[in-house]
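Report on one structure; see the data block that follows.
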Amino acid sequence: NAGVTQTPKFQVLKTGQSMTLQCAQDMNHEYMSWYRQDPGMGLRLIHYSVGAGITDQGEVPNGYNVSRSTTEDFPLRLLSAAPSQTSVYFCASSFSGDFWTGELFFGEGSRLTVL
Amino acid sequence: DQQVKQNSPSLSVQEGRISILNCDYTNSMFDYFLWYKKYPAEGPTFLISISSIKDKNEDGRFTVFLNKSAKHLSLHIVPSQPGDSAVYFCAAAAGGTSYGKLTFGQGTILTVHP
């Protein structure tokens, strides 16, 4: 049982480049989300999705795009990378509706450096 | 505007003693609170939660207390063990949320010395 899988684990980009962070879950969770973790800031919500075809913005969405074409996958796209996007990114998923327990299942994280 | 705050960046405790981690929140709409634990190079893992209809929830060595009037919650770990050394995040969910849209605090680094 893989849980939540994120790729790549590490990435270095130059300013202006674009890339996609991949996230996949095998738990049939409706809810998926992306957080970034920065020193002294905790985890901040970037985008989330409550099901295939439905996405919404979180607290810090600027510079990022998401789409949800399947229940399993929730990729995060950086359109034009900036040094301010240097961070550790976490994908998370959970049950929703009547099955929601409050528990988010996180991936191991993707460390991104933008030069 | 930080809606969930953990004002202590770090806490150091001796093995066997009690660890108390604190968290304050400002949004009155929050009615479900959670604690997560994070080891280096890993994702956060769920530890314990509490609904606003309760003021205490226990799970083994971990107890979470909620004081709604003070908008304050705390996590007690008794007894503390070296393996508890990690970053602890508190998180909150708003009323009516039926999925995991959580607001996190900044985290507290707990170090338990043998």
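Labels below follow one simple rule: chain letters A, B, ... track the order of the sequence lines, proteins then strands, and each chain is numbered from 1. These figures come from a predicted structure and were not determined experimentally.
For an aromatic pair to be called close, the ring centres must be under 6.0 Å apart, and F106(A) with F46(B) fails this.
Of the possible polar contacts, none joining the Y36(B) side chain to the E103(A) backbone as a donor-acceptor pair under 3.5 Å is found. With hydrogens and angles disregarded, a donor-acceptor distance shorter than 3.5 Å links the side chain of Y35(A) to the backbone of L102(B).
Hydrophobic cluster membership differs between V4(A) and M32(A), with clusters built from Ile, Leu, Val, Met, Phe, Trp and Tyr side chains linked at under 4.5 angstrom. If you chain together hydrophobic residues whose side chains sit under 4.5 Å apart, F65(B) and I20(B) never meet in one group. Note on Y31(A) and W34(A): separate hydrophobic clusters, where clusters join Ile, Leu, Val, Met, Phe, Trp and Tyr whose side-chain heavy atoms are under 4.5 Å apart, directly or indirectly. L45(A) is not connected to L76(A) by any chain of hydrophobic side-chain contacts under 4.5 Å among Ile, Leu, Val, Met, Phe, Trp and Tyr, and they are in different clusters. Both Y32(B) and Y48(A) are members of a single hydrophobic cluster when ILVMFWY side chains are connected at heavy-atom separations under 4.5 Å.
Only the side chain of Q2(B) has a heavy atom closer than 4.5 Å to any heavy atom of chain A. Of the two parts of L104(A), the backbone and the side chain both hold a non-hydrogen atom closer than 4.5 Å to a non-hydrogen atom of chain B. The part of A41(B) that comes within reach of chain A is its backbone (N, CA, C, O), which places non-hydrogen atoms under 4.5 angstrom from that chain. Looking at Q37(A), the atoms closer than 4.5 Å to chain B (heavy atoms on both sides) all sit in the side chain, from C-beta outward. Neither the backbone nor the side chain of P9(B) comes within contact range of chain A, judged by heavy atoms closer than 4.5 Å.
Counting non-hydrogen atoms of other residues, nucleotides and ligands closer than 6.0 Å to CD of E108(A) gives a total of 12 or fewer. Shown here is R17(B), whose CZ atom has no more than 12 heavy atoms of other residues, nucleotides or ligands within 6.0 Å. No more than 12 heavy atoms of other residues, nucleotides or ligands lie within 6.0 Å of CZ in R111(A), so this atom counts as exposed by the packing criterion.
Heavy atoms only, all atoms of each residue included: F90(A) and E42(B) are closest at CE2-O, 3.7 Å. Closest approach of F104(B) to L43(A), counting heavy atoms only: CB-O, 3.5 Å.
Heavy-atom neighbours of chain B within the stretch residues 56-71 of chain A, taken at a separation under 4.5 angstrom, are nonexistent.
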